[in-house]
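Values below: every heavy atom of this structure, side chains too, minus hydrogens, waters and symmetry copies. Whatever order the structure lists them in is the order used to number ligands and atoms, beginning at 1.
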Amino acid sequence: MDNQNLKVLLPREDIAATVRKLAADITRDYHDKNPILIGILKGAFVFMADLVRCLNFPLELEFVRLASYSGTQSTGQLKMLQTLPCPVEGRHVLVIEDIIDTGLTTAFIMGYVKTKSPASLKLCALLDKPARRCAPVDIDYLGFTVPDRFVVGYGLDYDQKYRNLPDVCVLEAKP
Ligand code: XMP
Ligand code: MG
């Protein structure tokens with residue numbers, strides 16, 4: 001940890017403007033649908049908290065918890081640590097992710113929700129890191145595309161650290 005630097009990639013003001021834009025798009029599409037927004041813990045918690053406070057219509061919130069990462073490397077293993085506690089059959093579901101990297105986590109969760117027969121299923125992600133994609137993922141609402149660097153802050157962690165940073169930062173080795 002001591003041999004790493006943080007460099008701001010997405011300042012908080014840019015994130016806030018983008019969250020407002022995403023919220024406007026989501027409002028247009030969901031204002032009369034009483035959707036269920038499913039946040040993927042832990043990373044999406046800050047994004048989800050800011051996003052839903054810009055949504056002024058009836059909706060419900062749920063969370064699922066998956067684990068696929070240890071440090072900055074994917075372990076390649078996906079574990080469902082907390083499943084969906086409510087029925088989503090016949091409901092309009094919007095999954096909220098922090099970042100799509102290989103796409104494996106998102107493909108897994110979208111497949112899981114699909115088996116529960118929602119009326120519709122879409123994906124909203126704050127960040128897309130397409131460089132290492134190996135599972136195809138359609139992102140319906142996207143904030144930013146980021147380069148192939150490990151990013152932290154605004155909910156994103158490095159070994160559970162830095163989630164509380166207000167900006168999205170790149171974690172770099174010190175020269
Ligand atoms: P996959 O590869 O399955 O990864 O698309 C999605 C999950 O991996 C985590 N992830 C990151 N977390 N900085 C992080 O803090 C990153 O640059 C990064 N890339 C992937 C994240 O938890 C995401 O939900
Ligand atoms: Mg993580």
L37 and L55, any side-chain heavy atoms less than 4.5 Å apart: yes
Check: Does any non-hydrogen side-chain atom of V52 lie less than 4.5 Å from one of L61?
Finding: yes
Mutual orientation of the aromatic rings belonging to F47 and Y154 [parallel < 30°, tilted 30-60°, perpendicular > 60°]:
tilted
Relative to the heavy atoms of [X], which atoms of ligand 1 are at a distance of less than 4.0 Å?
{"X": "L156", "result": "12 (N), 14 (C), 15 (O)"}
{"X": "R149", "result": "17 (O)"}
{"X": "L104", "result": "3 (O), 5 (O)"}
{"X": "T102", "result": "1 (P), 2 (O), 3 (O), 5 (O)"}
{"X": "K129", "result": "16 (C), 17 (O), 18 (C), 19 (N)"}

To atom 19 (N) of ligand 1, the nearest of V170, D101, I100 on a heavy-atom basis is D101
Ranking L66, D98, L41, T105 by closest non-hydrogen atom to atom 23 (C) of ligand 1, top hit is D98
Checklist entry - Without hydrogens or angle criteria, can the side chains of Y141 and D29 be said to hold a donor-acceptor pair below 3.5 Å? => result yes
Heavy atom of [X] under 4.0 Å from ligand 1?
{"X": "T106", "value": "no"}
{"X": "R133", "value": "no"}
{"X": "D157", "value": "yes"}
{"X": "G103", "value": "yes"}
{"X": "I40", "value": "no"}

For this session: Let me see the working for I40 and M48 under side-chain contact (heavy atoms from CB on, under 4.5 Å), right down to the final yes or no.
Result: CA-CA 9 Å; I40 313 301; M48 181 113 158; over 6 Å; no
By salt bridge (Lys or Arg N to Asp or Glu O under 4.0 Å), E60 pairs with (sequence neighbours left out) R91
Short version for R132: what comes under 4.0 Å of ligand 1, heavy atoms counted, is neither
If you look only at distance, which donor and acceptor atoms sit under 3.5 Å apart when one is on a side chain in residues 109-119 and the other is two or more places apart or in another chain?
from	atom 1	to	atom 2	distance (Å)
Y112	OH	L84	N	3.1
T115	OG1	Y112	O	2.6

Consider every N or O of V152 and every N or O of ligand 1, then say whether any pair is closer than 3.5 Å. no
Lys/Arg-Asp/Glu bridge criterion (N-O < 4.0 Å) met for K122, D138: no
All heavy atoms of C124 vs all of I26, minimum pair found to be SG-CD1, 4.1 Å
